Amino acid sequence: MKRPLQVTLLVLSGLGLLHASLFTDLSLRFVKEGMRPMLVASGVLLLVLGVAEAWSHQKPADEDGHDHDHGDTDADRHGDAHGHDHSTVPRIAWLLFLPALSLLFYAPPALGAYTAAREAPKAVTEQRYFDPLPATSPVPLTLTQFTSRVQQDHKRDIGGRSVRMTGFVTPDKGADGWYLTRIIFTCCAADAQSVKVRIHGAAALPANTWVTVTGTWHPGGKLGTSSAPAALDARTVKKVAKPVNAYTDALPLF
């Protein structure tokens with residue numbers, strides 16, 4: 001790839017990373033919040049490399065005004081001794097511009113109901129001890145906390161308690177109810193996993209609508225064991241704004 005194109009690619013990539021991580025929240029669609037500083041640093045580094053590459057290409061002219069540019073030899077312009085032409089950019093190299101331009105002008109959509117509907121729910125980590133639930137009602141819980149309480153708390157404190165959780169809607173066509181969902185990043189979108197709680201007793205809003213649901217555990221199986229479903233009988237469903245950092249299993253928004 002010729003040097004001007006190398007410079008352009010470095011600068012575009014740097015600007016794209018800074019646009020996604022420093023000037024907007026686009027990076028949070030793909031990586032955890034903690035990785036944002038590294039993306040900013042990478043964007044700055046690419047810009048510095050691009051400027052350095054452009055600067056190194058400048059050659060001083062001699063006293064007669066002739067440019068001492070020895071960058072291209074006859075072999076580069078007309079092909080080497082074996083007949084290979086180095087004067088043109090390999091076609092595959094142009095594809096490198098696509099991710100750089102996409103960061104600036106078209107970011108891929110965020111993960112949501114389409115992804116969650118096509119993968120198994122995240123396995124709940126085994127937990128032996130649970131603190132008593134607070135006296136407040138409804139009790140604010142994450143989806144993971146609710147699932148753990150339902151399936152592993154042998155004291156069955158969750159039974160009959162009103163709880164409140166926030167997530168987005170994942171429809172379940174042909175079945176009773178829909179899913180309140182969260183997608184969780186361990187590192188980035190490549191390792192995303194979903195946690196879902198089935199909602200009964202309330203009509204499903206459009207897919208990917210963020211809602212806060214209040215209700216009680218939907219009986220089934222034996223509470224406190226893996227046979228108990230992670231399900232809720234909804235009393236209220238309220239639309240809420242999508243959180244900035246949506247890829248965590250956080251407590252309700254209000």
Side-chain angles (χ1 to χ4, degrees), residues 19-21 23-33 102-124 137-151 158 161-220 228-254:
H19 170 72
S21 58
F23 303 115
T24 68
D25 294 316
L26 289 177
S27 64
L28 298 182
R29 295 184 183 182
F30 316 112
V31 298
K32 293 186 70 172
E33 172 71 24
S102 69
L103 287 173
L104 285 170
F105 303 110
Y106 176 76
L111 300 182
Y114 180 87
T115 300
R118 286 161 176 77
E119 65 173 15
K122 178 179 180 291
V124 179
S137 183
V139 181
L141 293 174
T142 68
L143 275 65
T144 299
Q145 289 171 341
F146 176 78
T147 303
S148 297
R149 290 274 184 178
V150 167
Q151 298 182 346
I158 200 73
R161 293 296 303 272
S162 178
V163 301
R164 186 174 72 236
M165 297 179 288
T166 293
F168 63 84
V169 175
T170 298
D172 189 14
K173 295 180 179 179
D176 177 29
W178 47 278
Y179 287 107
L180 184 68
T181 311
R182 285 276 194 165
I183 290 180
I184 305 169
F185 287 176
T186 301
C187 171
C188 58
D191 58 27
Q193 292 182 299
S194 65
V195 55
K196 296 185 282 190
V197 172
R198 182 174 285 278
I199 304 299
H200 298 272
L205 293 172
N208 296 310
T209 303
W210 279 83
V211 295
T212 291
V213 181
T214 301
T216 55
W217 174 64
H218 179 80
L232 198 73
D233 285 323
R235 187 171 72 247
T236 64
V237 177
K238 182 178 180 180
K239 291 177 64 174
V240 294
K242 179 180 178 179
V244 173
N245 191 0
Y247 298 108
T248 59
D249 189 14
L251 288 170
L253 299 175
F254 71 95

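These numbers come from a predicted model, not from an experiment.
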**Item:** Distance-only polar pair, side chains of H200 and D233, donor-acceptor under 3.5 Å
**Value:** no

**Request:** Using ring-ring contact (aromatic ring centres under 6.0 Å, His included) as the criterion, point out the one residue from Y247, W178, W210 that pairs with F168.
**Result:** W210

**Request:** Using a 4.5 Å cut-off on heavy atoms from C-beta on, say whether the side chain of V169 contacts that of L180.
**Result:** no

**Message:** So which atom in G112 and which in I183 form the shortest heavy-atom distance, rounded to 0.1 Å?
**Reply:** O-CD1, 3.6 Å

**Prompt:** Run the side-chain contact (heavy atoms from CB on, under 4.5 Å) check on M165 and T214 step by step: do they pass?
**Reply:** CA-CA 7 Å; M165 297 179 288; T214 301; over 6 Å; no

**Message:** How long is the straight-line distance from NZ of K242 back to OG1 of T209, given to the nearest 0.5 Å?
**Reply:** 11.5 Å

**Request:** Report yes if the side chains of V197 and Y179 come closer than 4.5 Å at any heavy-atom pair, otherwise no.
**Result:** no

**Item:** Non-hydrogen side-chain atoms of V211 and K238 separated by less than 4.5 Å
**Value:** no

**Prompt:** Is the shortest heavy-atom distance from the side chain of T142 to the side chain of T147 under 4.5 Å?
**Reply:** no

**Item:** Flag for R161-S137: side-chain donor and acceptor within less than 3.5 Å
**Value:** no

**Request:** For residues P171 and A207, report the shortest heavy-atom separation together with the two atoms involved.
**Result:** CD-CB, 3.6 Å

**Item:** Check: R182 side chain, T166 main-chain N or O, donor-acceptor pair, under 3.5 Å
**Value:** yes

**Message:** What I'd like to find out is whether the side chain of Q145 reaches to under 4.5 Å of the side chain of L251, using heavy atoms alone.
**Reply:** yes

**Complete:** Contacts of R149 meeting salt bridge (Lys or Arg N to Asp or Glu O under 4.0 Å) (sequence neighbours excluded), chain-then-number -> D153

**Request:** First locate atom OG1 of T170, then atom CG of N208, and finally report the distance between them rounded to the nearest 0.5 Å.
**Result:** 7.0 Å

**Prompt:** Just by distance, do the side chain of Q193 and the backbone of I184 share a donor-acceptor pair under 3.5 Å?
**Reply:** no

**Request:** Answer yes or no: is there a side-chain heavy-atom contact under 4.5 Å between K239 and L205?
**Result:** yes

**Request:** Determine whether L232 and V213 make a side-chain contact, defined as any pair of heavy atoms from C-beta on separated by less than 4.5 Å.
**Result:** yes

**Prompt:** Are any non-hydrogen side-chain atoms of R235 and S162 less than 4.5 angstrom apart?
**Reply:** yes

**Prompt:** Would you say the side-chain atoms of S194 and T181 include a donor-acceptor pair closer than 3.5 Å?
**Reply:** no

